[in-house]
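Report on the structure given below.
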Protein chains: 2
Amino acid sequence: MTTTPFLPTLRELTSAYQAFEAYSAVHIRTLDLTPAQFDIIATLGNTPGMPFKELGEKTLITKGTLTGVVDRLTDKKLVQRVASLSDGRSQTVQLTPQGVALFERIFPDHLAHLQRAFVELPPDELVNLEKSLHHLREALVSARNNIKATS
Amino acid sequence: MTTTPFLPTLRELTSAYQAFEAYSAVHIRTLDLTPAQFDIIATLGNTPGMPFKELGEKTLITKGTLTGVVDRLTDKKLVQRVASLSDGRSQTVQLTPQGVALFERIFPDHLAHLQRAFVELPPDELVNLEKSLHHLREALVSARNNIKATS
DNA sequence: TATTGTTATACTCTATAACTATA
DNA sequence: TATAGTTATAGAGTATAACAATA
(Lines give C-alpha, C1' and ligand atoms only; values in the text may rest on other atoms or scores of the structure.)
Protein backbone atom coordinates (compact mmCIF):
# COMPACT_ATOMS: atom_id res chain seq x y z
CA MET A 1 0.00 0.00 0.00
CA THR A 2 1.38 3.39 -0.99
CA THR A 3 1.15 6.30 1.34
CA THR A 4 1.00 9.91 0.28
CA PRO A 5 3.30 11.81 2.61
CA PHE A 6 1.05 13.94 4.78
CA LEU A 7 3.54 14.89 7.46
CA PRO A 8 5.01 17.83 5.50
CA THR A 9 1.49 19.15 5.00
CA LEU A 10 0.79 18.91 8.71
CA ARG A 11 4.01 20.69 9.48
CA GLU A 12 3.06 23.51 7.11
CA LEU A 13 -0.41 23.64 8.62
CA THR A 14 1.09 24.05 12.07
CA SER A 15 3.67 26.60 10.95
CA ALA A 16 1.13 28.64 9.03
CA TYR A 17 -1.31 28.65 11.91
CA GLN A 18 1.38 29.60 14.39
CA ALA A 19 2.57 32.36 12.10
CA PHE A 20 -1.01 33.63 11.91
CA GLU A 21 -1.39 33.45 15.68
CA ALA A 22 1.88 35.23 16.27
CA TYR A 23 1.05 37.92 13.76
CA SER A 24 -2.45 38.33 15.10
CA ALA A 25 -1.21 38.43 18.69
CA VAL A 26 1.02 41.42 17.88
CA HIS A 27 -2.13 43.47 17.45
CA ILE A 28 -4.21 41.80 20.16
CA ARG A 29 -1.65 42.40 22.87
CA THR A 30 -1.68 46.12 22.21
CA LEU A 31 -5.36 46.00 23.19
CA ASP A 32 -4.71 44.47 26.61
CA LEU A 33 -6.65 41.36 25.73
CA THR A 34 -5.63 37.72 25.67
CA PRO A 35 -6.32 35.72 22.49
CA ALA A 36 -9.19 33.95 24.26
CA GLN A 37 -10.70 37.26 25.30
CA PHE A 38 -10.34 38.70 21.83
CA ASP A 39 -11.99 35.60 20.45
CA ILE A 40 -15.02 36.21 22.67
CA ILE A 41 -15.27 39.88 21.70
CA ALA A 42 -15.00 39.03 18.02
CA THR A 43 -17.60 36.26 18.35
CA LEU A 44 -20.08 38.50 20.14
CA GLY A 45 -19.53 41.44 17.79
CA ASN A 46 -22.45 42.14 15.45
CA THR A 47 -24.74 39.80 17.39
CA PRO A 48 -27.40 40.47 20.03
CA GLY A 49 -25.48 38.14 22.33
CA MET A 50 -25.79 34.41 22.77
CA PRO A 51 -26.13 31.80 25.50
CA PHE A 52 -23.07 30.57 27.34
CA LYS A 53 -23.33 27.19 25.75
CA GLU A 54 -23.32 28.52 22.20
CA LEU A 55 -20.45 30.87 22.95
CA GLY A 56 -18.46 27.94 24.27
CA GLU A 57 -19.15 25.89 21.16
CA LYS A 58 -18.09 28.68 18.82
CA THR A 59 -14.89 29.51 20.61
CA LEU A 60 -14.05 25.92 21.62
CA ILE A 61 -13.70 26.99 25.24
CA THR A 62 -15.14 24.54 27.75
CA LYS A 63 -17.81 25.82 30.11
CA GLY A 64 -15.68 25.81 33.24
CA THR A 65 -13.01 27.88 31.55
CA LEU A 66 -15.53 30.10 29.84
CA THR A 67 -16.97 31.23 33.16
CA GLY A 68 -13.53 32.54 34.08
CA VAL A 69 -12.89 34.27 30.77
CA VAL A 70 -16.31 35.92 30.82
CA ASP A 71 -15.71 36.98 34.44
CA ARG A 72 -12.53 38.77 33.41
CA LEU A 73 -14.26 40.49 30.51
CA THR A 74 -17.09 41.46 32.85
CA ASP A 75 -14.56 42.99 35.23
CA LYS A 76 -13.33 45.03 32.29
CA LYS A 77 -16.95 46.09 31.61
CA LEU A 78 -16.75 44.73 28.08
CA VAL A 79 -19.44 42.03 28.34
CA GLN A 80 -22.40 41.40 30.57
CA ARG A 81 -24.62 38.49 31.56
CA VAL A 82 -28.35 38.76 31.05
CA ALA A 83 -30.74 36.13 32.37
CA SER A 84 -32.55 34.37 29.56
CA LEU A 85 -36.28 34.99 29.45
CA SER A 86 -37.14 31.62 27.98
CA ASP A 87 -34.91 29.38 30.10
CA GLY A 88 -34.24 30.12 33.74
CA ARG A 89 -30.99 28.15 33.67
CA SER A 90 -29.53 30.07 30.79
CA GLN A 91 -27.46 33.24 30.70
CA THR A 92 -27.11 35.36 27.59
CA VAL A 93 -23.69 36.92 27.19
CA GLN A 94 -23.55 40.16 25.25
CA LEU A 95 -21.23 43.07 24.66
CA THR A 96 -21.77 46.12 26.83
CA PRO A 97 -21.86 49.53 25.11
CA GLN A 98 -18.15 49.79 25.93
CA GLY A 99 -17.67 46.32 24.45
CA VAL A 100 -19.48 47.33 21.27
CA ALA A 101 -17.37 50.49 21.06
CA LEU A 102 -14.20 48.46 21.51
CA PHE A 103 -15.29 45.96 18.88
CA GLU A 104 -16.10 48.68 16.41
CA ARG A 105 -12.84 50.39 17.04
CA ILE A 106 -10.54 47.40 16.93
CA PHE A 107 -12.09 45.05 14.40
CA PRO A 108 -11.45 47.20 11.32
CA ASP A 109 -7.92 47.77 12.59
CA HIS A 110 -7.50 44.08 13.07
CA LEU A 111 -8.67 43.38 9.52
CA ALA A 112 -6.33 46.02 8.17
CA HIS A 113 -3.52 44.51 10.19
CA LEU A 114 -4.23 41.08 8.74
CA GLN A 115 -4.73 42.32 5.25
CA ARG A 116 -1.18 43.58 5.10
CA ALA A 117 -0.10 39.95 5.04
CA PHE A 118 -2.41 39.00 2.20
CA VAL A 119 -1.80 41.63 -0.41
CA GLU A 120 0.80 39.57 -2.17
CA LEU A 121 -1.01 36.23 -2.25
CA PRO A 122 -2.63 35.35 -5.59
CA PRO A 123 -6.43 35.40 -5.19
CA ASP A 124 -6.94 32.01 -6.84
CA GLU A 125 -4.47 30.42 -4.48
CA LEU A 126 -6.38 31.88 -1.57
CA VAL A 127 -9.59 30.33 -2.84
CA ASN A 128 -8.01 26.93 -3.39
CA LEU A 129 -6.41 27.07 0.01
CA GLU A 130 -9.74 27.71 1.61
CA LYS A 131 -11.31 24.72 -0.13
CA SER A 132 -8.49 22.35 0.66
CA LEU A 133 -8.39 23.39 4.29
CA HIS A 134 -12.08 22.72 4.46
CA HIS A 135 -11.58 19.21 3.09
CA LEU A 136 -8.75 18.59 5.50
CA ARG A 137 -10.84 19.64 8.43
CA GLU A 138 -13.70 17.42 7.36
CA ALA A 139 -11.33 14.48 7.08
CA LEU A 140 -9.95 15.13 10.56
CA VAL A 141 -13.35 15.55 12.12
CA SER A 142 -14.72 12.43 10.53
CA ALA A 143 -11.67 10.40 11.57
CA ARG A 144 -12.19 11.65 15.08
CA ASN A 145 -15.85 10.72 15.06
CA ASN A 146 -14.96 7.23 13.87
CA ILE A 147 -12.75 6.81 16.89
CA LYS A 148 -15.40 8.10 19.25
CA ALA A 149 -17.99 5.79 17.75
CA THR A 150 -15.65 2.83 18.09
CA SER A 151 -14.47 3.39 21.64
CA MET B 1 -9.23 49.20 -4.17
CA THR B 2 -10.52 45.64 -4.39
CA THR B 3 -9.85 43.23 -1.60
CA THR B 4 -9.76 39.49 -1.97
CA PRO B 5 -11.68 38.11 0.97
CA PHE B 6 -9.10 36.44 3.18
CA LEU B 7 -11.18 36.10 6.33
CA PRO B 8 -12.86 32.85 5.23
CA THR B 9 -9.43 31.41 4.52
CA LEU B 10 -8.21 32.37 7.96
CA ARG B 11 -11.30 30.85 9.51
CA GLU B 12 -10.63 27.60 7.67
CA LEU B 13 -6.99 27.73 8.68
CA THR B 14 -8.00 28.03 12.31
CA SER B 15 -10.67 25.35 12.09
CA ALA B 16 -8.38 22.92 10.29
CA TYR B 17 -5.57 23.46 12.74
CA GLN B 18 -7.88 23.08 15.71
CA ALA B 19 -9.33 19.91 14.22
CA PHE B 20 -5.81 18.61 13.79
CA GLU B 21 -4.90 19.52 17.35
CA ALA B 22 -8.03 17.92 18.73
CA TYR B 23 -7.52 14.77 16.71
CA SER B 24 -3.85 14.60 17.60
CA ALA B 25 -4.59 15.21 21.28
CA VAL B 26 -6.83 12.14 21.37
CA HIS B 27 -3.74 10.02 20.95
CA ILE B 28 -1.35 12.19 22.97
CA ARG B 29 -3.51 12.16 26.04
CA THR B 30 -3.47 8.38 26.16
CA LEU B 31 0.30 8.70 26.62
CA ASP B 32 0.08 10.88 29.70
CA LEU B 33 1.80 13.75 27.94
CA THR B 34 0.68 17.29 27.27
CA PRO B 35 0.88 18.60 23.70
CA ALA B 36 3.92 20.70 24.66
CA GLN B 37 5.65 17.67 26.16
CA PHE B 38 4.87 15.55 23.12
CA ASP B 39 6.24 18.31 20.93
CA ILE B 40 9.54 18.19 22.80
CA ILE B 41 9.77 14.39 22.59
CA ALA B 42 8.99 14.47 18.86
CA THR B 43 11.53 17.24 18.27
CA LEU B 44 14.28 15.43 20.15
CA GLY B 45 13.52 12.07 18.54
CA ASN B 46 16.12 10.91 16.00
CA THR B 47 18.57 13.61 17.10
CA PRO B 48 21.58 13.51 19.45
CA GLY B 49 19.92 16.26 21.46
CA MET B 50 20.17 20.00 21.06
CA PRO B 51 20.79 23.12 23.13
CA PHE B 52 17.99 24.68 25.08
CA LYS B 53 17.94 27.66 22.81
CA GLU B 54 17.49 25.64 19.66
CA LEU B 55 14.82 23.48 21.25
CA GLY B 56 12.93 26.62 22.18
CA GLU B 57 13.14 27.99 18.67
CA LYS B 58 11.87 24.77 17.12
CA THR B 59 8.95 24.32 19.46
CA LEU B 60 8.15 28.03 19.81
CA ILE B 61 8.33 27.75 23.58
CA THR B 62 10.04 30.65 25.29
CA LYS B 63 13.02 29.90 27.50
CA GLY B 64 11.31 30.59 30.81
CA THR B 65 8.49 28.19 29.97
CA LEU B 66 10.84 25.66 28.43
CA THR B 67 12.72 25.25 31.69
CA GLY B 68 9.46 24.15 33.33
CA VAL B 69 8.45 21.78 30.54
CA VAL B 70 11.89 20.17 30.46
CA ASP B 71 11.80 19.89 34.27
CA ARG B 72 8.55 17.92 34.08
CA LEU B 73 9.95 15.64 31.39
CA THR B 74 13.09 15.18 33.46
CA ASP B 75 10.93 14.17 36.44
CA LYS B 76 9.41 11.55 34.16
CA LYS B 77 12.93 10.39 33.24
CA LEU B 78 12.23 10.99 29.56
CA VAL B 79 14.84 13.70 28.88
CA GLN B 80 18.07 14.78 30.53
CA ARG B 81 20.31 17.83 30.58
CA VAL B 82 23.96 17.47 29.63
CA ALA B 83 26.40 20.34 30.01
CA SER B 84 27.75 21.46 26.66
CA LEU B 85 31.46 20.83 26.14
CA SER B 86 31.98 23.81 23.89
CA ASP B 87 29.99 26.44 25.78
CA GLY B 88 29.87 26.51 29.54
CA ARG B 89 26.57 28.40 29.56
CA SER B 90 24.79 25.92 27.37
CA GLN B 91 22.83 22.80 28.26
CA THR B 92 22.15 20.07 25.74
CA VAL B 93 18.73 18.46 26.16
CA GLN B 94 18.44 14.89 24.96
CA LEU B 95 16.15 11.91 25.30
CA THR B 96 17.08 9.36 27.96
CA PRO B 97 17.04 5.69 26.97
CA GLN B 98 13.48 5.58 28.32
CA GLY B 99 12.71 8.66 26.24
CA VAL B 100 14.12 7.02 23.12
CA ALA B 101 12.11 3.89 23.85
CA LEU B 102 8.95 5.95 24.28
CA PHE B 103 9.60 7.87 21.09
CA GLU B 104 10.18 4.69 19.12
CA ARG B 105 7.06 3.13 20.52
CA ILE B 106 4.67 6.05 20.13
CA PHE B 107 5.79 7.83 17.00
CA PRO B 108 4.77 5.11 14.53
CA ASP B 109 1.46 4.81 16.38
CA HIS B 110 1.02 8.53 16.13
CA LEU B 111 1.67 8.49 12.40
CA ALA B 112 -0.79 5.64 11.96
CA HIS B 113 -3.34 7.57 13.98
CA LEU B 114 -2.88 10.63 11.79
CA GLN B 115 -2.88 8.68 8.58
CA ARG B 116 -6.39 7.46 9.22
CA ALA B 117 -7.55 11.01 8.57
CA PHE B 118 -5.68 11.31 5.29
CA VAL B 119 -6.62 8.21 3.37
CA GLU B 120 -9.47 9.92 1.61
CA LEU B 121 -7.73 13.14 0.63
CA PRO B 122 -6.64 13.31 -3.01
CA PRO B 123 -2.82 13.30 -3.16
CA ASP B 124 -2.58 16.26 -5.51
CA GLU B 125 -4.74 18.33 -3.20
CA LEU B 126 -2.40 17.47 -0.36
CA VAL B 127 0.58 18.68 -2.35
CA ASN B 128 -1.12 21.92 -3.36
CA LEU B 129 -2.22 22.51 0.19
CA GLU B 130 1.33 22.15 1.40
CA LYS B 131 2.59 24.70 -1.13
CA SER B 132 -0.14 27.22 -0.44
CA LEU B 133 0.29 26.95 3.30
CA HIS B 134 3.96 27.58 2.81
CA HIS B 135 3.23 30.75 0.85
CA LEU B 136 0.76 31.89 3.45
CA ARG B 137 3.26 31.42 6.22
CA GLU B 138 5.91 33.34 4.33
CA ALA B 139 3.48 36.19 3.79
CA LEU B 140 2.60 36.28 7.48
CA VAL B 141 6.19 36.13 8.62
CA SER B 142 7.30 38.85 6.26
CA ALA B 143 4.38 41.08 7.28
CA ARG B 144 5.41 40.56 10.87
CA ASN B 145 9.00 41.41 10.16
CA ASN B 146 7.92 44.58 8.43
CA ILE B 147 6.15 45.65 11.59
CA LYS B 148 9.12 44.82 13.77
CA ALA B 149 11.44 46.75 11.48
CA THR B 150 9.10 49.74 11.56
CA SER B 151 8.46 49.92 15.27
C1' DT C 1 28.63 43.89 27.26
C1' DA C 2 25.94 40.14 25.35
C1' DT C 3 24.13 35.54 25.79
C1' DT C 4 22.48 31.00 28.08
C1' DG C 5 19.68 29.23 31.05
C1' DT C 6 17.35 29.60 35.81
C1' DT C 7 14.28 31.60 39.01
C1' DA C 8 10.34 34.20 40.44
C1' DT C 9 5.88 36.36 39.87
C1' DA C 10 1.40 36.93 38.47
C1' DC C 11 -1.96 35.70 35.27
C1' DT C 12 -4.50 32.78 32.17
C1' DC C 13 -6.09 28.58 30.28
C1' DT C 14 -7.13 23.45 30.76
C1' DA C 15 -9.42 19.39 32.42
C1' DT C 16 -12.29 17.41 35.60
C1' DA C 17 -15.75 16.83 38.74
C1' DA C 18 -19.06 18.13 42.18
C1' DC C 19 -22.73 21.23 42.79
C1' DT C 20 -27.18 24.49 42.09
C1' DA C 21 -31.13 25.64 39.90
C1' DT C 22 -33.95 25.00 36.62
C1' DA C 23 -36.27 21.94 32.79
C1' DT D 1 -33.28 12.63 34.88
C1' DA D 2 -31.00 15.85 32.00
C1' DT D 3 -29.15 20.42 31.11
C1' DA D 4 -27.04 25.34 31.96
C1' DG D 5 -23.92 27.44 34.31
C1' DT D 6 -20.93 27.96 38.64
C1' DT D 7 -17.42 26.65 41.75
C1' DA D 8 -13.32 24.30 43.17
C1' DT D 9 -8.97 22.16 42.39
C1' DA D 10 -4.70 20.92 40.50
C1' DG D 11 -1.77 21.31 36.82
C1' DA D 12 0.35 23.52 32.98
C1' DG D 13 1.56 27.25 29.66
C1' DT D 14 2.55 32.54 29.03
C1' DA D 15 4.87 36.88 29.57
C1' DT D 16 8.11 39.39 31.81
C1' DA D 17 11.94 40.62 34.29
C1' DA D 18 15.80 40.03 37.35
C1' DC D 19 19.69 37.16 37.98
C1' DA D 20 24.18 34.07 37.82
C1' DA D 21 27.55 32.13 35.08
C1' DT D 22 30.01 32.31 31.04
C1' DA D 23 31.43 34.28 26.51
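In the text below, chain A, chain B and the rest are named by the order of the sequence lines, each starting its count at 1.
- The backbone N or O of Ser86(A) sits nowhere less than 3.5 Å from a side-chain atom of Ser90(A) that would complete a donor-acceptor pair.
- Rounding to whole angstrom units, CG of residue Leu33(A) and P of dC13(C) are separated by 10 Å.
- The phosphate of dG5(C) (OP1 or OP2) has no side-chain N or O of Thr67(B) nearer than 4.0 angstrom.
- Residue Ser24(B) is tested with Arg29(B), His110(B), His113(B) for a side-chain hydrogen bond (donor to acceptor under 3.5 Å, both in side chains); the sole match is His110(B).
- Between the CG atom of Asp32(B) and the P atom of dA15(C) there is a distance of 14 Å, rounded to whole Å.
- In this structure, CD of Glu57(B) is placed 13 Å from C1' of dG5(C), rounded to the nearest angstrom.
- Mapping Lys63(A) and Arg29(A) onto DNA chain D by nearest heavy atom places Lys63(A) closer to the 5' end of the strand.
- Looking at Lys76(A) and Asp71(A), no side-chain N of the basic residue comes within less than 4.0 Å of a carboxylate O on the acidic one, giving no salt bridge.
- Counting non-hydrogen atoms of neighbouring residues, nucleotides and ligands closer than 6.0 angstrom, the CG atom of Asn46(B) reaches no more than 12 such neighbours.
- Between the C1' atom of dT14(D) and the CG atom of Leu66(B) lies a distance of 13 Å, rounded to the nearest Å.
- Here dC13(C) presents its P atom at 13 Å from CD of Glu21(A), a figure rounded to the nearest Å.
- Side chains of His134(B) and Glu138(B): a donor on one and an acceptor on the other come within 3.5 Å.
- The side chain of Gln37(A) lies closest to dC13(C) when the candidates are dG5(C), dG5(D), dC13(C).
- No more than 12 heavy atoms of other residues, nucleotides or ligands sit less than 6.0 Å from atom NZ of Lys58(A).
- Residue Thr65(A) has no polar side-chain atom (N or O) positioned under 4.0 Å from OP1 or OP2 of dT12(C).
- Between the C1' atom of dT4(C) and the CG atom of Leu55(B) lies a distance of 14 Å, rounded to the nearest Å.
- Looking at the side chain of Lys53(B), the nearest of the listed nucleotides dT6(D), dA15(D), dT4(C) is dT4(C).
- Across the protein-nucleic acid pair, Ile40(B) atom CD1 and dG13(D) atom C1' stand 12 Å apart, rounded to whole Å.
- By the 6.0 Å contact criterion, CD on Glu57(A) is enclosed, its count of non-hydrogen atoms from other residues, nucleotides or ligands being greater than 12.
- Near-neighbour residues of DNA chain D inside residues 68-92 of chain B, defined by a heavy atom below 4.0 Å, number-ordered: Val69(B), Arg72(B), Asp87(B), Gly88(B), Arg89(B).
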